[in-house]
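In what follows, chains carry the letters A, B, and so on, assigned in the order in which the sequence lines appear, proteins first and then strands, with residues in each chain numbered from 1. Everything numeric here is computed off the predicted structure, so don't read it as measured data.
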There are 2 protein chains.
Amino acid sequence: MKPDNQSSASDTTETALSDERAIGSVVPTRRDLRAGTALFRQGDASIGLFYLLAGRMRLVRVTPSGSEVALHTISPGEFFAEASLFSSSYHCDAIALGDSVVLIYGKKALIAEFNRNPEDLWQFAGRLARQVQGLRTRLTLRQIRSATERVRQALLLRCDESGFWKTEGTLKQFGAEIGLTHEALYRALARLERSQAIIRLADGIVVKRK
Amino acid sequence: MKPDNQSSASDTTETALSDERAIGSVVPTRRDLRAGTALFRQGDASIGLFYLLAGRMRLVRVTPSGSEVALHTISPGEFFAEASLFSSSYHCDAIALGDSVVLIYGKKALIAEFNRNPEDLWQFAGRLARQVQGLRTRLTLRQIRSATERVRQALLLRCDESGFWKTEGTLKQFGAEIGLTHEALYRALARLERSQAIIRLADGIVVKRK
DNA sequence: CGTCACATTGATGCCTCTCAAAGCTTGTGG
DNA sequence: CCACAAGCTTTGAGAGGCATCAATGTGACG
(Lines give C-alpha, C1' and ligand atoms only; values in the text may rest on other atoms or scores of the structure.)
Protein backbone atom coordinates (compact mmCIF):
# COMPACT_ATOMS: atom_id res chain seq x y z
CA MET A 1 0.00 0.00 0.00
CA LYS A 2 2.91 2.36 0.42
CA PRO A 3 4.39 3.87 -2.71
CA ASP A 4 7.33 1.83 -3.95
CA ASN A 5 9.21 4.86 -5.18
CA GLN A 6 8.88 8.56 -5.13
CA SER A 7 7.82 10.74 -8.01
CA SER A 8 9.32 14.17 -8.07
CA ALA A 9 6.76 16.56 -6.72
CA SER A 10 3.73 14.64 -5.48
CA ASP A 11 2.49 11.91 -3.21
CA THR A 12 1.66 9.61 -6.07
CA THR A 13 3.50 7.04 -8.07
CA GLU A 14 2.43 5.54 -11.34
CA THR A 15 3.49 2.18 -12.67
CA ALA A 16 2.78 0.45 -15.94
CA LEU A 17 0.89 -2.77 -15.43
CA SER A 18 0.84 -5.87 -17.56
CA ASP A 19 -2.36 -7.15 -16.15
CA GLU A 20 -5.17 -9.58 -16.63
CA ARG A 21 -7.44 -6.71 -15.61
CA ALA A 22 -7.46 -5.35 -19.13
CA ILE A 23 -10.67 -4.16 -20.76
CA GLY A 24 -10.38 -5.50 -24.26
CA SER A 25 -6.84 -4.57 -25.16
CA VAL A 26 -6.68 -1.63 -22.79
CA VAL A 27 -4.23 -2.38 -20.02
CA PRO A 28 -4.61 -0.17 -16.97
CA THR A 29 -1.90 1.80 -15.26
CA ARG A 30 -1.44 1.53 -11.54
CA ARG A 31 -1.23 4.57 -9.34
CA ASP A 32 -0.52 4.78 -5.62
CA LEU A 33 -2.03 7.62 -3.67
CA ARG A 34 -1.14 8.77 -0.19
CA ALA A 35 -3.97 9.58 2.15
CA GLY A 36 -5.38 13.00 1.43
CA THR A 37 -4.12 13.19 -2.13
CA ALA A 38 -6.50 14.12 -4.92
CA LEU A 39 -6.79 11.76 -7.88
CA PHE A 40 -8.62 14.43 -9.82
CA ARG A 41 -10.44 17.64 -9.16
CA GLN A 42 -13.59 19.25 -10.38
CA GLY A 43 -12.95 20.80 -13.78
CA ASP A 44 -9.85 18.73 -14.60
CA ALA A 45 -9.87 17.27 -18.07
CA SER A 46 -11.09 13.70 -17.75
CA ILE A 47 -8.29 11.22 -18.32
CA GLY A 48 -10.13 7.95 -17.97
CA LEU A 49 -11.92 5.36 -15.98
CA PHE A 50 -10.75 4.17 -12.56
CA TYR A 51 -10.85 1.02 -10.51
CA LEU A 52 -10.01 0.99 -6.83
CA LEU A 53 -7.69 -1.85 -5.83
CA ALA A 54 -7.11 -0.92 -2.21
CA GLY A 55 -7.82 1.88 0.19
CA ARG A 56 -10.76 4.22 -0.01
CA MET A 57 -11.68 7.21 -2.15
CA ARG A 58 -14.18 9.94 -1.51
CA LEU A 59 -16.01 11.77 -4.25
CA VAL A 60 -17.11 15.23 -3.20
CA ARG A 61 -18.53 18.20 -4.96
CA VAL A 62 -17.53 21.58 -3.68
CA THR A 63 -20.23 24.15 -4.22
CA PRO A 64 -19.40 27.67 -5.33
CA SER A 65 -20.12 28.81 -1.80
CA GLY A 66 -17.57 26.40 -0.39
CA SER A 67 -19.87 23.81 1.10
CA GLU A 68 -18.94 20.20 0.49
CA VAL A 69 -21.43 17.61 -0.66
CA ALA A 70 -20.36 13.98 -0.41
CA LEU A 71 -21.34 12.16 -3.59
CA HIS A 72 -20.00 8.70 -2.96
CA THR A 73 -17.36 6.74 -1.14
CA ILE A 74 -15.53 4.18 -3.23
CA SER A 75 -14.60 0.82 -1.76
CA PRO A 76 -12.04 -1.60 -3.18
CA GLY A 77 -13.38 -3.50 -6.19
CA GLU A 78 -15.42 -0.61 -7.52
CA PHE A 79 -15.08 1.17 -10.83
CA PHE A 80 -15.66 4.88 -10.65
CA ALA A 81 -15.88 7.99 -12.82
CA GLU A 82 -17.58 6.03 -15.59
CA ALA A 83 -19.57 9.08 -16.56
CA SER A 84 -16.39 11.06 -17.18
CA LEU A 85 -15.86 8.97 -20.32
CA PHE A 86 -18.83 10.79 -21.74
CA SER A 87 -17.84 14.29 -20.77
CA SER A 88 -14.67 16.28 -21.10
CA SER A 89 -14.06 17.10 -17.45
CA TYR A 90 -14.78 15.85 -13.94
CA HIS A 91 -17.69 17.19 -11.98
CA CYS A 92 -16.35 16.41 -8.55
CA ASP A 93 -13.15 15.88 -6.58
CA ALA A 94 -11.75 12.43 -5.84
CA ILE A 95 -9.71 12.35 -2.65
CA ALA A 96 -7.93 9.37 -1.13
CA LEU A 97 -9.21 8.82 2.40
CA GLY A 98 -6.41 6.39 3.22
CA ASP A 99 -3.38 5.27 1.28
CA SER A 100 -4.96 3.89 -1.88
CA VAL A 101 -4.18 2.07 -5.10
CA VAL A 102 -6.15 2.73 -8.26
CA LEU A 103 -6.01 1.36 -11.77
CA ILE A 104 -6.36 3.87 -14.57
CA TYR A 105 -7.88 3.03 -17.94
CA GLY A 106 -6.89 5.79 -20.34
CA LYS A 107 -9.85 7.55 -21.89
CA LYS A 108 -8.50 7.77 -25.40
CA ALA A 109 -7.40 4.15 -25.34
CA LEU A 110 -10.80 3.01 -24.10
CA ILE A 111 -12.72 4.99 -26.66
CA ALA A 112 -10.46 3.71 -29.43
CA GLU A 113 -10.98 0.18 -28.14
CA PHE A 114 -14.73 0.62 -28.06
CA ASN A 115 -14.69 1.95 -31.61
CA ARG A 116 -12.54 -0.87 -32.82
CA ASN A 117 -14.48 -3.52 -30.97
CA PRO A 118 -18.12 -2.67 -30.22
CA GLU A 119 -18.48 -5.98 -28.42
CA ASP A 120 -16.40 -4.52 -25.58
CA LEU A 121 -18.61 -1.47 -25.46
CA TRP A 122 -21.59 -3.79 -25.29
CA GLN A 123 -20.13 -5.54 -22.28
CA PHE A 124 -19.28 -2.25 -20.67
CA ALA A 125 -22.86 -1.09 -21.14
CA GLY A 126 -24.05 -4.36 -19.65
CA ARG A 127 -22.01 -3.76 -16.55
CA LEU A 128 -23.50 -0.30 -16.24
CA ALA A 129 -27.03 -1.62 -16.69
CA ARG A 130 -26.57 -4.19 -13.93
CA GLN A 131 -25.13 -1.50 -11.73
CA VAL A 132 -28.19 0.65 -12.27
CA GLN A 133 -30.34 -2.32 -11.37
CA GLY A 134 -28.40 -3.01 -8.17
CA LEU A 135 -28.37 0.61 -7.09
CA ARG A 136 -32.11 0.97 -7.60
CA THR A 137 -32.66 -2.10 -5.49
CA ARG A 138 -30.46 -0.79 -2.72
CA LEU A 139 -32.25 2.52 -2.83
CA THR A 140 -35.60 0.79 -2.51
CA LEU A 141 -34.32 -1.24 0.39
CA ARG A 142 -33.34 1.94 2.19
CA GLN A 143 -36.91 3.15 1.98
CA ILE A 144 -37.86 0.52 4.52
CA ARG A 145 -37.73 2.19 7.91
CA SER A 146 -38.10 -0.83 10.11
CA ALA A 147 -34.72 -2.36 10.78
CA THR A 148 -36.24 -5.81 11.17
CA GLU A 149 -38.06 -5.72 7.87
CA ARG A 150 -35.13 -4.17 6.05
CA VAL A 151 -32.85 -6.95 7.25
CA ARG A 152 -35.37 -9.57 6.22
CA GLN A 153 -35.69 -8.14 2.73
CA ALA A 154 -31.94 -7.76 2.39
CA LEU A 155 -31.52 -11.40 3.32
CA LEU A 156 -34.22 -12.47 0.87
CA LEU A 157 -32.38 -10.61 -1.88
CA ARG A 158 -29.12 -12.34 -1.12
CA CYS A 159 -30.09 -15.88 -0.22
CA ASP A 160 -30.22 -18.79 -2.68
CA GLU A 161 -33.35 -20.77 -3.63
CA SER A 162 -33.23 -22.77 -0.43
CA GLY A 163 -33.23 -19.59 1.60
CA PHE A 164 -29.65 -19.95 2.72
CA TRP A 165 -27.30 -17.01 2.84
CA LYS A 166 -23.65 -17.65 3.50
CA THR A 167 -22.17 -14.86 5.56
CA GLU A 168 -19.57 -12.92 3.63
CA GLY A 169 -17.47 -10.52 5.59
CA THR A 170 -18.61 -9.52 9.05
CA LEU A 171 -22.15 -8.84 10.14
CA LYS A 172 -21.03 -5.39 11.11
CA GLN A 173 -20.11 -4.80 7.47
CA PHE A 174 -23.46 -6.18 6.37
CA GLY A 175 -25.15 -3.71 8.65
CA ALA A 176 -23.25 -0.81 7.13
CA GLU A 177 -24.15 -1.96 3.61
CA ILE A 178 -27.85 -1.83 4.32
CA GLY A 179 -27.59 1.37 6.30
CA LEU A 180 -27.87 0.18 9.89
CA THR A 181 -25.60 0.46 12.90
CA HIS A 182 -24.31 -2.89 14.04
CA GLU A 183 -26.36 -2.73 17.20
CA ALA A 184 -29.57 -2.23 15.24
CA LEU A 185 -28.61 -5.11 12.98
CA TYR A 186 -27.94 -7.51 15.84
CA ARG A 187 -31.19 -6.61 17.50
CA ALA A 188 -33.06 -7.09 14.25
CA LEU A 189 -31.48 -10.50 13.76
CA ALA A 190 -32.34 -11.47 17.31
CA ARG A 191 -35.94 -10.39 16.78
CA LEU A 192 -36.19 -12.28 13.50
CA GLU A 193 -34.80 -15.39 15.12
CA ARG A 194 -37.17 -15.15 18.04
CA SER A 195 -40.11 -14.84 15.67
CA GLN A 196 -38.72 -17.79 13.74
CA ALA A 197 -38.40 -15.87 10.51
CA ILE A 198 -34.77 -16.88 10.25
CA ILE A 199 -32.43 -19.52 11.65
CA ARG A 200 -28.91 -18.50 12.43
CA LEU A 201 -26.14 -20.97 11.66
CA ALA A 202 -22.42 -20.82 12.20
CA ASP A 203 -21.62 -19.87 8.61
CA GLY A 204 -24.80 -18.21 7.49
CA ILE A 205 -28.50 -17.61 7.89
CA VAL A 206 -31.58 -19.46 6.65
CA VAL A 207 -34.52 -17.26 5.78
CA LYS A 208 -37.83 -18.98 6.23
CA ARG A 209 -41.06 -18.35 4.36
CA LYS A 210 -43.28 -15.96 6.16
CA MET B 1 -54.74 6.98 -19.67
CA LYS B 2 -57.57 4.63 -20.47
CA PRO B 3 -57.04 2.05 -23.20
CA ASP B 4 -58.41 3.30 -26.48
CA ASN B 5 -59.54 -0.10 -27.65
CA GLN B 6 -59.74 -3.59 -26.39
CA SER B 7 -57.51 -6.49 -27.38
CA SER B 8 -59.09 -9.89 -27.40
CA ALA B 9 -58.10 -11.67 -24.24
CA SER B 10 -56.16 -9.28 -22.01
CA ASP B 11 -56.20 -5.94 -20.33
CA THR B 12 -53.60 -4.52 -22.67
CA THR B 13 -53.60 -2.82 -26.02
CA GLU B 14 -50.66 -2.32 -28.27
CA THR B 15 -50.32 0.34 -30.91
CA ALA B 16 -47.64 1.09 -33.43
CA LEU B 17 -46.13 4.50 -32.88
CA SER B 18 -44.50 6.81 -35.37
CA ASP B 19 -42.71 8.80 -32.79
CA GLU B 20 -39.94 11.23 -32.16
CA ARG B 21 -39.04 9.05 -29.20
CA ALA B 22 -37.06 6.72 -31.39
CA ILE B 23 -33.65 5.42 -30.31
CA GLY B 24 -31.65 5.61 -33.51
CA SER B 25 -34.02 4.10 -36.02
CA VAL B 26 -35.86 1.99 -33.47
CA VAL B 27 -39.39 3.27 -33.09
CA PRO B 28 -41.13 2.13 -29.93
CA THR B 29 -44.50 0.49 -29.66
CA ARG B 30 -47.07 1.82 -27.26
CA ARG B 31 -48.85 -0.43 -24.83
CA ASP B 32 -51.65 0.42 -22.44
CA LEU B 33 -51.90 -1.53 -19.22
CA ARG B 34 -54.82 -1.67 -16.83
CA ALA B 35 -54.03 -1.45 -13.15
CA GLY B 36 -52.84 -4.76 -11.81
CA THR B 37 -51.73 -6.13 -15.16
CA ALA B 38 -48.25 -7.61 -15.52
CA LEU B 39 -46.03 -6.22 -18.26
CA PHE B 40 -43.67 -9.15 -17.79
CA ARG B 41 -42.96 -11.82 -15.24
CA GLN B 42 -39.88 -13.37 -13.78
CA GLY B 43 -38.52 -15.94 -16.22
CA ASP B 44 -40.27 -14.53 -19.30
CA ALA B 45 -38.03 -14.19 -22.32
CA SER B 46 -36.91 -10.57 -22.45
CA ILE B 47 -38.54 -8.69 -25.28
CA GLY B 48 -36.95 -5.31 -24.92
CA LEU B 49 -36.47 -2.05 -23.14
CA PHE B 50 -39.32 -0.02 -21.66
CA TYR B 51 -40.14 3.59 -21.03
CA LEU B 52 -43.01 4.64 -18.80
CA LEU B 53 -45.13 7.39 -20.29
CA ALA B 54 -47.86 7.51 -17.67
CA GLY B 55 -49.02 5.66 -14.61
CA ARG B 56 -46.79 3.68 -12.30
CA MET B 57 -45.09 0.31 -12.46
CA ARG B 58 -43.77 -1.81 -9.66
CA LEU B 59 -40.86 -4.18 -10.05
CA VAL B 60 -40.97 -7.03 -7.55
CA ARG B 61 -39.06 -10.22 -7.11
CA VAL B 62 -40.95 -13.16 -5.74
CA THR B 63 -38.71 -15.45 -3.75
CA PRO B 64 -39.03 -19.23 -4.02
CA SER B 65 -40.67 -19.18 -0.61
CA GLY B 66 -43.31 -16.76 -1.84
CA SER B 67 -42.17 -13.58 -0.13
CA GLU B 68 -42.19 -10.45 -2.22
CA VAL B 69 -39.27 -8.06 -2.37
CA ALA B 70 -39.91 -4.66 -3.91
CA LEU B 71 -37.05 -3.78 -6.23
CA HIS B 72 -38.14 -0.45 -7.61
CA THR B 73 -41.13 1.67 -8.45
CA ILE B 74 -41.08 3.27 -11.87
CA SER B 75 -42.36 6.79 -12.34
CA PRO B 76 -43.31 8.40 -15.65
CA GLY B 77 -40.25 9.42 -17.66
CA GLU B 78 -38.12 6.50 -16.55
CA PHE B 79 -36.59 3.79 -18.68
CA PHE B 80 -36.63 0.39 -17.09
CA ALA B 81 -35.47 -3.18 -17.64
CA GLU B 82 -32.27 -1.96 -19.25
CA ALA B 83 -30.43 -4.95 -17.87
CA SER B 84 -32.77 -7.35 -19.63
CA LEU B 85 -31.13 -6.36 -22.91
CA PHE B 86 -28.08 -8.20 -21.65
CA SER B 87 -29.80 -11.33 -20.46
CA SER B 88 -32.31 -13.67 -22.00
CA SER B 89 -35.05 -13.40 -19.40
CA TYR B 90 -36.45 -11.10 -16.76
CA HIS B 91 -35.45 -11.46 -13.14
CA CYS B 92 -38.50 -9.83 -11.63
CA ASP B 93 -42.16 -9.08 -12.25
CA ALA B 94 -43.37 -5.73 -13.57
CA ILE B 95 -46.88 -4.90 -12.44
CA ALA B 96 -48.90 -1.82 -13.30
CA LEU B 97 -49.96 -0.09 -10.07
CA GLY B 98 -52.41 2.15 -11.84
CA ASP B 99 -53.55 2.30 -15.46
CA SER B 100 -50.27 2.84 -17.27
CA VAL B 101 -48.77 3.52 -20.67
CA VAL B 102 -45.38 2.15 -21.64
CA LEU B 103 -43.26 2.40 -24.75
CA ILE B 104 -41.57 -0.79 -25.86
CA TYR B 105 -38.27 -0.85 -27.73
CA GLY B 106 -37.88 -4.29 -29.27
CA LYS B 107 -34.80 -6.10 -28.11
CA LYS B 108 -33.76 -7.50 -31.48
CA ALA B 109 -34.34 -4.18 -33.19
CA LEU B 110 -32.28 -2.35 -30.58
CA ILE B 111 -29.41 -4.79 -30.73
CA ALA B 112 -29.42 -4.62 -34.51
CA GLU B 113 -29.44 -0.85 -34.32
CA PHE B 114 -26.54 -0.83 -31.88
CA ASN B 115 -24.59 -3.16 -34.13
CA ARG B 116 -25.27 -1.06 -37.17
CA ASN B 117 -24.60 2.21 -35.43
CA PRO B 118 -22.25 2.00 -32.43
CA GLU B 119 -22.69 5.71 -31.85
CA ASP B 120 -26.19 4.95 -30.56
CA LEU B 121 -24.78 2.32 -28.24
CA TRP B 122 -22.30 4.88 -27.02
CA GLN B 123 -25.10 7.29 -26.18
CA PHE B 124 -27.05 4.55 -24.51
CA ALA B 125 -24.04 3.69 -22.36
CA GLY B 126 -23.63 7.34 -21.52
CA ARG B 127 -27.16 7.50 -20.25
CA LEU B 128 -26.53 4.46 -18.09
CA ALA B 129 -23.33 5.93 -16.72
CA ARG B 130 -25.05 9.14 -15.71
CA GLN B 131 -27.79 7.12 -14.13
CA VAL B 132 -25.25 5.22 -12.05
CA GLN B 133 -23.78 8.53 -10.98
CA GLY B 134 -27.15 9.93 -9.98
CA LEU B 135 -28.21 6.84 -8.10
CA ARG B 136 -24.97 6.73 -6.13
CA THR B 137 -25.47 10.33 -5.17
CA ARG B 138 -29.02 9.69 -4.04
CA LEU B 139 -27.87 6.71 -2.03
CA THR B 140 -25.23 8.80 -0.32
CA LEU B 141 -27.77 11.48 0.43
CA ARG B 142 -29.96 8.91 2.15
CA GLN B 143 -27.15 8.10 4.54
CA ILE B 144 -27.68 11.47 6.15
CA ARG B 145 -30.01 10.89 9.09
CA SER B 146 -30.76 14.48 9.98
CA ALA B 147 -33.67 15.76 7.94
CA THR B 148 -32.34 19.30 8.10
CA GLU B 149 -28.91 18.43 6.83
CA ARG B 150 -30.26 16.08 4.18
CA VAL B 151 -32.47 18.81 2.81
CA ARG B 152 -29.58 21.27 2.80
CA GLN B 153 -27.34 18.88 0.90
CA ALA B 154 -30.11 18.02 -1.54
CA LEU B 155 -30.62 21.71 -2.22
CA LEU B 156 -26.88 22.26 -2.68
CA LEU B 157 -26.85 19.48 -5.25
CA ARG B 158 -29.66 21.01 -7.22
CA CYS B 159 -29.04 24.72 -7.05
CA ASP B 160 -27.10 26.72 -9.63
CA GLU B 161 -23.85 28.65 -9.00
CA SER B 162 -25.67 31.51 -7.36
CA GLY B 163 -27.27 29.11 -4.92
CA PHE B 164 -30.73 29.43 -6.41
CA TRP B 165 -32.96 26.44 -6.88
CA LYS B 166 -36.14 26.84 -8.85
CA THR B 167 -38.87 24.66 -7.41
CA GLU B 168 -39.89 21.95 -9.81
CA GLY B 169 -43.00 20.01 -8.99
CA THR B 170 -44.39 20.22 -5.49
CA LEU B 171 -42.39 20.31 -2.29
CA LYS B 172 -44.25 17.20 -1.25
CA GLN B 173 -42.75 15.43 -4.25
CA PHE B 174 -39.33 16.79 -3.39
CA GLY B 175 -39.70 15.32 0.07
CA ALA B 176 -40.55 11.92 -1.30
CA GLU B 177 -37.56 12.03 -3.65
CA ILE B 178 -35.13 12.55 -0.82
CA GLY B 179 -36.90 10.10 1.45
CA LEU B 180 -38.78 12.36 3.84
CA THR B 181 -42.43 12.80 4.69
CA HIS B 182 -43.76 16.17 3.67
CA GLU B 183 -44.13 17.21 7.29
CA ALA B 184 -40.50 16.47 8.02
CA LEU B 185 -39.51 18.41 4.91
CA TYR B 186 -41.54 21.48 5.85
CA ARG B 187 -40.11 21.49 9.33
CA ALA B 188 -36.59 21.13 7.98
CA LEU B 189 -37.14 24.04 5.60
CA ALA B 190 -38.54 26.15 8.42
CA ARG B 191 -35.52 25.34 10.58
CA LEU B 192 -33.10 26.16 7.77
CA GLU B 193 -34.83 29.45 7.15
CA ARG B 194 -34.81 30.37 10.81
CA SER B 195 -31.09 29.66 10.99
CA GLN B 196 -30.66 31.71 7.82
CA ALA B 197 -29.13 28.87 5.88
CA ILE B 198 -31.69 29.39 3.15
CA ILE B 199 -34.08 32.05 1.92
CA ARG B 200 -37.43 30.97 0.62
CA LEU B 201 -38.83 32.76 -2.39
CA ALA B 202 -42.08 32.41 -4.25
CA ASP B 203 -40.61 30.32 -7.05
CA GLY B 204 -37.62 28.72 -5.40
CA ILE B 205 -35.06 28.67 -2.65
CA VAL B 206 -31.69 30.37 -2.22
CA VAL B 207 -29.09 28.33 -0.37
CA LYS B 208 -26.58 30.46 1.47
CA ARG B 209 -23.00 29.65 2.27
CA LYS B 210 -22.60 28.15 5.70
C1' DC C 1 -68.02 29.36 -4.22
C1' DG C 2 -66.97 24.76 -3.29
C1' DT C 3 -63.68 21.20 -3.89
C1' DC C 4 -59.26 19.27 -3.90
C1' DA C 5 -54.49 19.01 -3.24
C1' DC C 6 -50.70 21.30 -1.36
C1' DA C 7 -48.58 23.81 2.58
C1' DT C 8 -47.89 24.46 7.41
C1' DT C 9 -47.76 23.72 12.35
C1' DG C 10 -48.95 20.97 16.74
C1' DA C 11 -48.86 16.76 19.75
C1' DT C 12 -47.55 12.10 20.50
C1' DG C 13 -45.14 7.70 20.28
C1' DC C 14 -42.04 4.55 18.51
C1' DC C 15 -37.71 3.28 16.74
C1' DT C 16 -33.16 3.78 15.82
C1' DC C 17 -28.87 6.05 17.17
C1' DT C 18 -25.62 6.69 20.72
C1' DC C 19 -23.01 5.54 24.63
C1' DA C 20 -21.69 1.69 27.56
C1' DA C 21 -20.28 -2.69 29.03
C1' DA C 22 -19.42 -7.53 28.85
C1' DG C 23 -18.76 -12.03 26.46
C1' DC C 24 -16.36 -14.23 22.33
C1' DT C 25 -13.15 -15.18 18.68
C1' DT C 26 -8.81 -14.78 16.49
C1' DG C 27 -4.17 -13.96 16.11
C1' DT C 28 0.35 -12.85 17.97
C1' DG C 29 4.25 -13.18 20.83
C1' DG C 30 6.69 -14.69 24.74
C1' DC D 1 0.74 -23.36 25.63
C1' DC D 2 -0.75 -19.42 27.79
C1' DA D 3 -1.64 -14.45 27.95
C1' DC D 4 -2.90 -10.38 26.02
C1' DA D 5 -4.72 -7.34 22.48
C1' DA D 6 -7.94 -6.14 19.03
C1' DG D 7 -12.08 -6.45 16.72
C1' DC D 8 -16.52 -8.62 16.31
C1' DT D 9 -20.79 -9.89 18.75
C1' DT D 10 -24.37 -9.15 21.93
C1' DT D 11 -27.40 -6.88 25.22
C1' DG D 12 -28.79 -2.71 28.22
C1' DA D 13 -30.35 2.18 29.12
C1' DG D 14 -31.43 6.64 27.53
C1' DA D 15 -32.50 10.30 24.31
C1' DG D 16 -33.52 12.55 20.20
C1' DG D 17 -35.81 12.78 15.93
C1' DC D 18 -38.79 11.40 12.40
C1' DA D 19 -43.29 9.20 11.29
C1' DT D 20 -47.94 9.42 12.27
C1' DC D 21 -52.26 11.45 13.23
C1' DA D 22 -54.69 15.72 13.33
C1' DA D 23 -56.18 20.35 12.25
C1' DT D 24 -56.03 24.63 9.76
C1' DG D 25 -54.62 27.71 6.17
C1' DT D 26 -54.00 28.61 1.18
C1' DG D 27 -54.05 28.46 -3.69
C1' DA D 28 -55.88 26.71 -8.26
C1' DC D 29 -59.57 25.38 -10.89
C1' DG D 30 -64.18 24.57 -12.53
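Ring-plane geometry between A/Tyr90 and A/Phe40 is classed as parallel, the angle between the planes falling under 30 degrees on a 0 to 90 degree scale with a further cut at 60. Note: A/Phe86 and B/Trp122 have tilted aromatic rings, judged against thresholds of 30 and 60 degrees for the angle between ring planes.
The side-chain hydrogen bond (donor to acceptor under 3.5 Å, both in side chains) test with A/Asp93 is passed by exactly one of A/Arg58, A/Arg41, A/Arg61: A/Arg41.
Here the CD1-CG distance, from A/Ile198 to A/Leu192, works out to 5.0 Å after rounding to the nearest 0.5 Å.
The C1' atoms of five pairs define one axis at each end of the helix from C/dC1-D/dG30 to C/dG30-D/dC1, and these two axes lie 40° apart (to 10°).
Judged as a side chain to side chain contact (heavy atoms under 4.5 Å, CB included), and not counting sequence neighbours, the contacts of B/Thr137 are A/Leu71, B/Leu157. When the side chain to side chain contact (heavy atoms under 4.5 Å, CB included) test is applied to B/His72, the partners found at least two apart in sequence or on another chain are A/Arg136, A/Thr140, B/Leu59, B/Ile74, B/Glu78. Legend: residues meeting side chain to side chain contact (heavy atoms under 4.5 Å, CB included) with A/Arg187, ordered by chain and number and at least two apart, are A/Glu183, A/Arg191.
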Sequence-aligned protein contact record of nucleotides 9-23 of chain C, with B where the base is within under 4.0 Å of a protein heavy atom and S where only the sugar-phosphate is: BBB----SSBBB---

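You can see that DNA chain D meets the heavy atoms of chain A within a 4.0 Å-exclusive cut from D/dC8 to D/dA19, reading 5' to 3'.
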Steps toward side chain to side chain contact (heavy atoms under 4.5 Å, CB included) verdict (B/Gln143, A/Arg142): CA-CA 9 Å; B/Gln143 303 270 40; A/Arg142 295 292 180 96; 3.1 Å; yes

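A salt bridge links A/Glu177 with A/Arg158: the closest approach of a Lys/Arg side-chain nitrogen to an acidic carboxylate oxygen falls below 4.0 angstrom.
Two residues are said to be in side-chain contact when any heavy atoms from C-beta on lie closer than 4.5 Å; A/Leu103 and A/Phe79 fail this criterion.
The nearest whole Å value for the distance from the CG atom in A/Leu171 to the P atom in C/dC24 is 17 Å.
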